[in-house]
Amino acid sequence: DLANKLLSLASIDDLLRSATVAIKESPAWGFLVRRLVVNTVLTNVECALKDERLMKQVLTTLTSLWRRFRAHLKVELAVLVDDVLLRLLKASSGVQVPAPMQMLVMTELSTWLDSFQMPEIFLNFDLDRTVLQEFSVYEHLCSTVCTIAEGEAPRFIGRHARADVDSWTSQRQVQALGFMSQIMRGMMDISGHAHAMRASTRIKRMSQLGAGGWEQDSGLEDGLERMRIMNDLAANAPYNKSKQPEGTEDTMDDMSTDAAAVEMSADAAAAAAAAADSPPVASASRNGSTSRSSFAARQAAQQESRELLNEGLRLGREKSIKKAIQFLQAKGFLNDTPRDTATFLRMYNKHFSKVEIGDFLGSGDGEYWDAVRLYFCSVISFRGMDILQALRHFLTSPLFRCPGEAQKIDRLISTFSRCFWNDNHGTKACPYSGVDTIYILCFAVIMLNTDLHKASVGKTKKKVKKMTRDEFTKNLRGVDPSFDLKMLESIYASIQKEQIQMPTGGPSEGEVGADGGGDDEGSEAAFKASVNRAVCNVQELLRSVSLYRHTFLRLGIDTLVSVDMAAAMFRTVWWMVHATINSLLEKPRIKTEMAIQCLGIVQNAISTAIFIGAQQERMAFAAQLLRLINRAKGARAARGDAGEASGD
């Protein structure tokens, strides 16, 4: 089994690496990669936690997806990194996840953060606060690495020796500092290049002609693509702009330069078009005039978009989900379609109460509301499950709580019946004659669950008569030929033994997190269970968004690096880096290799601050540089004194 997995993943990776330019740019191939390859990688995460070789192959395949198909995988990559890979990095080293696996994850992620690709991560995930509000990948990744670099000991160690856990923590700490050093070195390259563009007209022109002035990565061997039609970001709905249904015309927001950058000349546009073997296209605004939105303008527009979204989420928490959706639709943030409404609920379900989500889904009649419920529920896979397994899976979903009102239950069970039929009709799991038959059986099961497990009532706690097995089977015998006595008795016994327990109604039930919890012996198992739940939730979420194409901005094609961009990236993470270095300097002893890495981080941070004109940040890191120098002098003096005392 393991050999088959390794061979299959290696074959997929080879196919991804050998993809031609036409395949990488094809929307059809992009859709197949989203639906098939990403799901395959997710399915193997659980097994990869048990075998280092499989984990390495999973990570290698993810890197191939990033390098060659990231233009099609904006949401998928954001969710994979934030919900899966960072969860593995945050786990207790050696206790919940083997230390070598965590180091593999960090090593692989470090290949994504060169000077060319780091701005793309920031632009597409951290600056885009519309669809990807939850996934600030650049910020979260830097925060996780800084936390590891501080070298905090885990809260529990299970059956492992403290010396082993300390050794694993130290190894991760050294690697995390190397990762931080790479990030800050890349930051210096970006800011230095942007500063040079601002200072030299010649460098500006070379940058515009040469893919942003950076060496092209393996995903851009074909050279410059043709210029795309540019739209004014502020004049369009943010949510609508961030995604388009597959197969429709898609326009790209331009974020090419700040106020200091120059317009691409007509000759340069012609050269870019010739390189892509397509006619030149000028950027145009709504009034027909050519223009290019600056990074600062886009940042301001995204800030406005974020404020709209936050206001909508606040309305949802304080008033109702319906009010929130109506507000966002009125402001143009959200399309007034069943698919977009259902997708919004799935993307932002953590912000709302499960009870409120269930009430919202159960309310409303008519085609529109039926479609909302169907889009929301159809991404839950019931394939291969029998009716009772599927109903348990549906009613215990962590996304919503089935409402108590009979009419709302009726609507949700009707939707479930349709989804179960679509997934299983014609198989052994679904011997029923139609959707109505499934609906009748499901409603009977819910009534049985309530009846068998209802609490005693009254002050005397008098026992309430409960439905017997014969009564249950008698009610359903003859409704459908598939309702045989053995099946009905099996359902009764299962419900009697194990109640269908609905989730609680609060927002986002807490899982056993990556940091662990519970007793020492169960921590590893609890962590793996939390990873499995996260993977299942990710798979369901990605099914709901896979039909959309999300605009992915590429450096040198859709945008050029600018001082404004470099400043925004630096100000997002500088305080984390500064706090980490401070934490290490507070310790009485620090390893030589770690001190050298800290020195490199501080030097690159100072250079970046100079390039972008960040005076306060420059002074803060300069103070740390002085502390490092003083510690080095103190250590040298101490070694000298020790040598004299020993006669050396």
Side-chain contact test, heavy atoms from C-beta onward, threshold under 4.5 Å: evaluate it for [X] versus [Y] and give yes or no.
{"X": "Phe611", "Y": "His193", "result": "no"}
{"X": "Leu85", "Y": "Leu62", "result": "yes"}
{"X": "Leu49", "Y": "Met55", "result": "yes"}
{"X": "Val33", "Y": "His72", "result": "no"}
{"X": "Leu141", "Y": "Leu113", "result": "yes"}
{"X": "Thr61", "Y": "Thr40", "result": "no"}

_Tyr375: ring pair (Phe, Tyr, Trp, His ring centres under 6.0 Å) partners, not counting sequence neighbours_ =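 Result, ring pair (Phe, Tyr, Trp, His ring centres under 6.0 Å) vs Tyr375: none returned.
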*With His578, which residues qualify under ring pair (Phe, Tyr, Trp, His ring centres under 6.0 Å), at least two apart?*
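Counting only residues at least two positions away or on another chain, His578 forms a ring pair (Phe, Tyr, Trp, His ring centres under 6.0 Å) with Trp574, Phe621.
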*Tell me, with the steps shown, if Ile190 and Phe570 meet side-chain contact (heavy atoms from CB on, under 4.5 Å).*
CA-CA 10 Å; Ile190 295 163; Phe570 182 71; over 6 Å; no
*Would you say the side chains of Thr63 and Glu108 form a donor-acceptor pair under 3.5 Å?*
yes
*Looking only at side chains, do Thr107 and Gln175 share a donor and an acceptor under 3.5 Å apart?*
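On atom types as modelled, these side chains qualify, holding a pair under 3.5 Å.
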_By the definition side chain to side chain contact (heavy atoms under 4.5 Å, CB included), identify the one residue from Val538, Val84, Val137 that meets it with Val79._
Val538
*Test Leu123 against every option in Asp126, Ile121, Leu127 by the side chain to side chain contact (heavy atoms under 4.5 Å, CB included) rule and name the one that passes.*
Leu127
Quick one: closest heavy-atom pair of [X] and [Y], and the distance?
{"X": "Met187", "Y": "Ala566", "answer": "SD-O, 4.4 Å"}
{"X": "Val174", "Y": "Glu593", "answer": "CG1-OE1, 3.7 Å"}
{"X": "Thr111", "Y": "Gln117", "answer": "O-NE2, 3.7 Å"}
{"X": "Val531", "Y": "Arg87", "answer": "CG2-CD, 3.8 Å"}
{"X": "Leu177", "Y": "Cys598", "answer": "CD2-SG, 4.3 Å"}
{"X": "Ala149", "Y": "Met180", "answer": "CB-SD, 3.6 Å"}

Could you state the interatomic distance from [atom1] ([X]) to [atom2] ([Y]), rounded to the nearest 0.5 Å?
{"X": "Leu309", "Y": "Glu307", "atom1": "CG", "atom2": "CD", "value": "11.0 Å"}
{"X": "Thr580", "Y": "Gln173", "atom1": "OG1", "atom2": "CD", "value": "10.0 Å"}
{"X": "Phe344", "Y": "Leu328", "atom1": "CZ", "atom2": "CG", "value": "5.0 Å"}
{"X": "Phe122", "Y": "Ser136", "atom1": "CZ", "atom2": "OG", "value": "9.0 Å"}
{"X": "Leu9", "Y": "Asn4", "atom1": "CG", "atom2": "CG", "value": "11.0 Å"}
{"X": "Arg34", "Y": "Lys74", "atom1": "CZ", "atom2": "NZ", "value": "12.5 Å"}

_Would you say that more than 12 heavy atoms from the other residues, nucleotides or ligands in this model lie under 6.0 Å from the NZ of Lys56, or not?_
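12 or below, so no.
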_Donor-acceptor pair, side chain of Gln102 and main chain of Leu88, under 3.5 angstrom_ = yes
*Please check if the side chain of Asp82 supplies one atom and the backbone of Ala78 the other of a donor-acceptor pair under 3.5 Å.*
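Answer holds: no.
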*Can you label the angle between the Phe125 ring and the Trp66 ring as parallel, tilted or perpendicular, going by 30° and 60°?*
tilted
*Dump the intermediate steps for side-chain contact (heavy atoms from CB on, under 4.5 Å) on Glu617 and Ile612, then the final yes or no.*
CA-CA 10 Å; Glu617 291 84 350; Ile612 64 175; over 6 Å; no
_Residue pair Val37, Phe69: steps toward the side-chain contact (heavy atoms from CB on, under 4.5 Å) verdict_ = CA-CA 11 Å; Val37 179; Phe69 286 91; over 6 Å; no
*Verdict with supporting geometry, Lys5 and Gln57, side-chain contact (heavy atoms from CB on, under 4.5 Å)*: CA-CA 9 Å; Lys5 286 180 177 293; Gln57 189 58 63; over 6 Å; no
*asked:* Going by the rule side-chain hydrogen bond (donor to acceptor under 3.5 Å, both in side chains), which residues pair with Arg17 if we only count those two or more places apart in sequence or in a different chain?
replied: Asp13
